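Computed from heavy atoms alone, side chains included, the values below leave out hydrogens, waters and symmetry copies. Remember, it's a predicted structure, so these values are computed and weren't measured experimentally. Counting starts at 1 for both ligands and their atoms, in listed order.
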Amino acid sequence: MALVVQKYGGTSVATPELIRRVAERIVSRHKQGHRMVVVVSAMGDTTDDMLALANKVSSRPPDREVDMLLACGERISMSLLAMAVQDLGVAAVSLTGGQSGIITDAVHRKARILDLKPDRLLEELHKDQVLIVAGFQGVTTDAEETTLGRGGSNLTAVALAYALKADVCEMNTDVDGIYTADPRVVPEACKLSVVTPDEMLELASAGARVLQSRSVEFAKKYGVVIHVRSSFNENPGTLIKEVEEMEEVVVRGIAHDLGEAKITMRHVPDRPGVAARLFGPLADKNINVDMIIQNTSEAGSTDLSFTVGKTDLDRALEVCQGIRAELGADEVVADAQIAKISVVGVGMRSHAGVAAGMFQALAAANINIHMISTSEIKISCVVGQPDAEKAVRALHAAFKLDKSS
Ligand code: ADP
Ligand code: ASP
Ligand code: MG
């Protein structure tokens with residue numbers, strides 16, 4: 001008898017019919033003798049719809065109130081799913097993140113888990129019930145509601161799998177597993193049977209939204225093996241775990257991210273301390289900066305460009321405008337029409353030429369590169385958003401990731 005933690009994403013519970021289907025899946029596993037802890041996301045586009053609502057009543061919705069609102073999305077699906085399971089004759093109980101013992105810090109909208117106290121979950125499990133937990137949320141020690149960042153239900157599932165020492169941590173979604181690129185963009189993409197945690201972390205942080213990068217980080221740190229699979233069939237999916245291969249694959253996959261925007265500060269004086277003066281206040285406001293480039297100095301000044309999440313763009317611009325005069329920069333400009341395209345693979349550690357191959361493929365497709373950054377196992381290029389899909393397909397073909405290759 002295994003302890004199974006499953007997560008169902010928003011598309012898998014988007015309608016009452018789908019919720020009943022998910023309930024049947026859960027009940028069938030329960031009837032095989034497994035103890036089931038199920039984490040649910042908000043139905044369909046509920047989270048986006050709620051954010052849009054917030055933006056209609058407020059020019060700047062306060063983060064605390066946004067969390068109060070967004071946490072409701074997962075509570076709607078948890079209660080409906082628990083009802084649907086009970087309707088099939090199996091005892092089930094729904095629990096919020098707080099009731100499940102997910103204790104976080106107080107950084108609203110991207111709270112970090114500080115502690116896991118699964119006592120209530122264990123108590124309910126002993127009553128032989130199916131547990132349905134609202135994903136994406138936690139509570140502070142002061143009983144404030146928090147959310148764990150977009151895609152945070154993945155993190156809830158991994159954290160509970162760790163806290164409960166689950167045998168399995170399944171992410172049930174609307175694709176059959178992790179592919180060599182987003183299968184909606186590249187129809188020739190191949191499903192991978194295994195992806196290493198390092199590669200998955202890079203793919204996720206590069207925009208492959210199928211798993212939240214923080215959940216992969218948590219799983220890597222605490223040794224939780226994730227199984228990504230479809231909510232709609234029983235096919236084996238993709239395991240996220242360490243593998244020992246005779247020869248490492250050089251490029252495992254291509255990811256693209258339309259969620260970032262570029263900010264450029266023009267004619268910043270080229271002197272010590274400028275970058276610290278700019279990026280310090282951004283960090284203080286919990287704004288994650290991704291890529292940074294600084295042009296070579298011309299007549300004592302340079303252009304400084306960096307990318308932030310689109311959702312942080314307004315706040316980041318405000319910070320930049322606030323210190324522009326102090327820094328002596330000319331102007332601050334933003335470009336939200338960008339896409340980040342990344343090539344990921346652990347084999348890059350020992351193989352040269354991937355960057356050159358990437359630039360050649362983009363050049364052959366006549367795609368201009370705005371920014372470049374590299375890590376040990378990833379190369380990312382920022383291109384214009386209209387070129388995003390063309391770039392992904394060109395790179396997928398150039399690195400011979402297609403089914404036919
Ligand atoms: P859920 O609602 O289950 O959380 P998401 O929409 O957040 O699902 O994530 C699943 C989507 O991620 C897929 O429908 C697919 O379009 C996208 N995706 C992006 N990159 C990949 C990839 N490499 N492999 C599989 N899916 C990917
Ligand atoms: N509902 C949240 C979101 O849309 C969390 C999740 O789906 O994992 O980001
Ligand atoms: Mg998701």
Side-chain angles (χ1 to χ4, degrees), residues 6-15 18 22 38-52 66-67 69-78 97 109-111 133-138 146-159 170-193 195 199-216 226 228-232 235 237-238 240 251-259 309 311 339-345 388-389 392 395-396 401:
Q6 286 190 326
K7 173 244 171 183
Y8 288 91
T11 25
S12 307
V13 291
T15 63
L18 287 170
V22 165
V38 178
V39 175
V40 261
S41 290
M43 294 170 73
D45 296 327
T46 303
T47 308
D48 288 329
D49 295 346
M50 285 177 164
L51 280 170
V66 171
D67 273 359
L69 177 68
L70 295 190
C72 299
E74 269 65 15
R75 295 187 184 185
I76 293 173
S77 32
M78 73 169 189
R109 301 191 66 175
K110 36 183 137 174
V133 176
F136 176 54
Q137 54 187 269
T146 54
T147 63
L148 309 176
R150 295 306 303 265
S153 300
N154 291 294
L155 180 57
T156 307
V158 174
E170 270 180 21
M171 303 295 179
N172 293 265
T173 181
D174 57 0
V175 281
D176 277 14
I178 306 297
Y179 284 70
T180 47
D182 187 338
R184 289 179 210 285
V185 174
V186 185
E188 299 79 23
C190 300
K191 188 175 85 183
L192 299 162
S193 51
V195 177
E199 286 170 328
M200 195 61 234
L201 199 51
E202 293 283 16
L203 285 169
S205 61
R209 68 199 149 94
V210 55
L211 286 179
Q212 184 211 34
S213 59
R214 283 177 55 191
S215 70
V216 183
I226 298 176
V228 180
R229 59 187 310 196
S230 169
S231 299
F232 305 103
N235 299 342
T238 304
I240 314 299
V251 172
R252 184 79 66 182
I254 316 288
H256 67 289
D257 190 350
L258 306 182
T311 46
K340 183 176 71 172
I341 317 293
S342 306
V343 171
V344 174
E389 298 200 350
V392 176
L395 293 169
H396 199 267
L401 300 171

Using only heavy-atom distances, determine whether the side chains of [X] and [Y] contain a donor-acceptor pair under 3.5 Å.
{"X": "Ser41", "Y": "Ser153", "answer": "yes"}
{"X": "Asp174", "Y": "Thr11", "answer": "yes"}
{"X": "Asp67", "Y": "Thr146", "answer": "no"}

So is [X] close enough to ligand 2, meaning a heavy atom under 4.0 angstrom away?
{"X": "Gly10", "answer": "no"}
{"X": "Gly9", "answer": "no"}
{"X": "Glu74", "answer": "yes"}

Please report the interatomic distance [atom1]([X]) to [atom2]([Y]), rounded to the nearest 0.5 Å.
{"X": "Lys191", "Y": "Thr238", "atom1": "NZ", "atom2": "OG1", "answer": "6.0 Å"}
{"X": "Ile254", "Y": "Ile341", "atom1": "CD1", "atom2": "CD1", "answer": "9.0 Å"}
{"X": "Ser213", "Y": "Arg150", "atom1": "OG", "atom2": "CZ", "answer": "13.5 Å"}
{"X": "Leu211", "Y": "Leu203", "atom1": "CG", "atom2": "CG", "answer": "9.5 Å"}
{"X": "Arg109", "Y": "Thr311", "atom1": "CZ", "atom2": "OG1", "answer": "6.5 Å"}
{"X": "Ser215", "Y": "Leu148", "atom1": "OG", "atom2": "CG", "answer": "10.5 Å"}

Sub-3.5 Å N/O-N/O distance, Phe136 and ligand 2: no
Any N/O pair Thr47/ligand 2 closer than 3.5 Å: yes
From CA spacing to verdict: side-chain contact (heavy atoms from CB on, under 4.5 Å), Asp182, Arg209: CA-CA 9 Å; Asp182 187 338; Arg209 68 199 149 94; 4.3 Å; yes
Using a 4.0 Å cut-off to any heavy atom of [X], which atoms of ligand 2 qualify?
{"X": "Gly151", "value": "3 (C), 5 (C), 6 (C), 8 (O), 9 (O)"}
{"X": "Ser41", "value": "6 (C), 7 (O), 8 (O)"}
{"X": "Arg150", "value": "3 (C), 4 (O), 9 (O)"}

Under 4.0 Å from ligand 1 - residues by heavy atom, chain and number: Lys7, Gly9, Gly10, Thr11, Thr173, Asp174, Val175, Gly177, Ile178, Tyr179, Ala181, Asp182, Pro183, Arg184, Ala208, Arg209, Val210
